[in-house]
Asks: 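Quick one: structure below, then a few questions.
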Amino acid sequence: MRESFFEEVYRIVSMIPRGQVATYGQIAAYLGNPRGARTVGWALGSLPEGLDVPWHRVINSQGRISGQPRGQRASEQRAMLEEEGIAFDDSGRIDMTKYGWTMAQ
DNA sequence: CGTATGACGAGCC
DNA sequence: AGGCTCGCCATAC
């Protein structure tokens, strides 16, 4: 029984600890698809509600929130990250060297 | 089975 | 530094 790519993404994202963030590419690479960042984003976009997956801890390689900056989802994501203690600079970017998830286990 | 889609990424100007 | 283009990949139809 192999999980769909979606389920694998959900599983990995669920491992991101509070107060840290990971990039789409990072997750894709972990799943064996260094080039499948888009697919990861798509998987999160189709994320059903009620799965207890910290989707807000996933951002793009620039350390910014993806999607429409004005969108409701983006503001909500930023609010949740700030609540976890993550800081945004004037450009709305996160310091990956400081909050980036290292997948250390 | 071919085409379209999407919360991306790296490169180039 | 900021913005644009092209490449990538798993589903949906």
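So you know, we letter chains A, B, ... as the sequences are listed, proteins then strands, and number each from 1.
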Asks: Distance check needed: dG9(B) C1' versus R64(A) CZ, whole Å only.
Replies: 15 Å
Asks: Can you tell which of dC8(C), dT11(C), dG9(B) lies closest to the side chain of N60(A)?
Replies: dG9(B)
Asks: Could you say whether W42(A) or R93(A) is positioned toward the 5' end of DNA chain C, judged by the nucleotide with the nearest heavy atom to each?
Replies: R93(A)
Asks: Nearest to the side chain of F5(A), heavy atoms from C-beta on, is which of dG7(C), dA7(B), dA10(C)?
Replies: dA10(C)
Asks: Out of curiosity, E7(A) CD to L51(A) CG, how far, rounded to the nearest 0.5 Å?
Replies: 9.5 Å
Asks: Closest approach of I16(A) and P54(A), non-hydrogen atoms and distance?
Replies: O-CG, 4.4 Å
Asks: Among dG9(B), dA7(B), dA10(C), which nucleotide has an atom closest to any side-chain atom of N33(A)?
Replies: dA10(C)
Asks: Under 4.0 Å between a side-chain N/O of S61(A) and OP1 or OP2 of dC8(B), yes or no?
Replies: no
Asks: Rounded off to whole Å, could you give me the CD-to-P distance for the Q68(A) and dG6(B) pair?
Replies: 11 Å
Asks: Without decimals, in angstroms, what is the distance between L44(A) CG and dT11(C) C1'?
Replies: 14 Å
Asks: Under the side-chain contact (heavy atoms from CB on, under 4.5 Å) test against E8(A), which residue among V13(A), L31(A), I27(A) passes?
Replies: L31(A)
Asks: Looking only at the aromatic ring of each residue, does the gap between the centers of F6(A) and W42(A) stay below 6.0 angstrom?
Replies: yes
Asks: What is the distance, rounded to the nearest whole Å, between atom OH of Y10(A) and atom C1' of dA7(B)?
Replies: 12 Å
Asks: What's the closest nucleotide to the A37(A) side chain, out of dG9(B), dG6(B), dC9(C)?
Replies: dG9(B)
Asks: To the nearest Å, how far apart are I27(A) CD1 and dC8(B) C1'?
Replies: 12 Å
Asks: Report which part of the nucleic acid G25(A) touches: base, sugar-phosphate, or nothing (heavy-atom distance under 4.0 Å, all strands).
Replies: sugar-phosphate
Asks: Could you tell me the separation between the CZ atom of R73(A) and the C1' atom of dA7(B), rounded to a whole number of Å?
Replies: 5 Å
Asks: Taking CZ from F6(A) and P from dG6(B), how many angstroms apart are they, rounded to a whole number?
Replies: 12 Å
Asks: Just to verify, which of R57(A), M96(A), Q20(A) counts as forming a side-chain contact (heavy atoms from CB on, under 4.5 Å) with W101(A)?
Replies: Q20(A)
Asks: What nucleic acid atoms does Y24(A) come within less than 4.0 Å of, heavy atoms only: base, sugar-phosphate, or nothing?
Replies: base
Asks: Whole angstroms only, please: what is the CD-C1' distance between E76(A) and dA7(B)?
Replies: 13 Å
Asks: Return the 5'-most residue of the pair T39(A), P34(A) with respect to DNA chain B, ranking by each residue's nearest nucleotide.
Replies: T39(A)
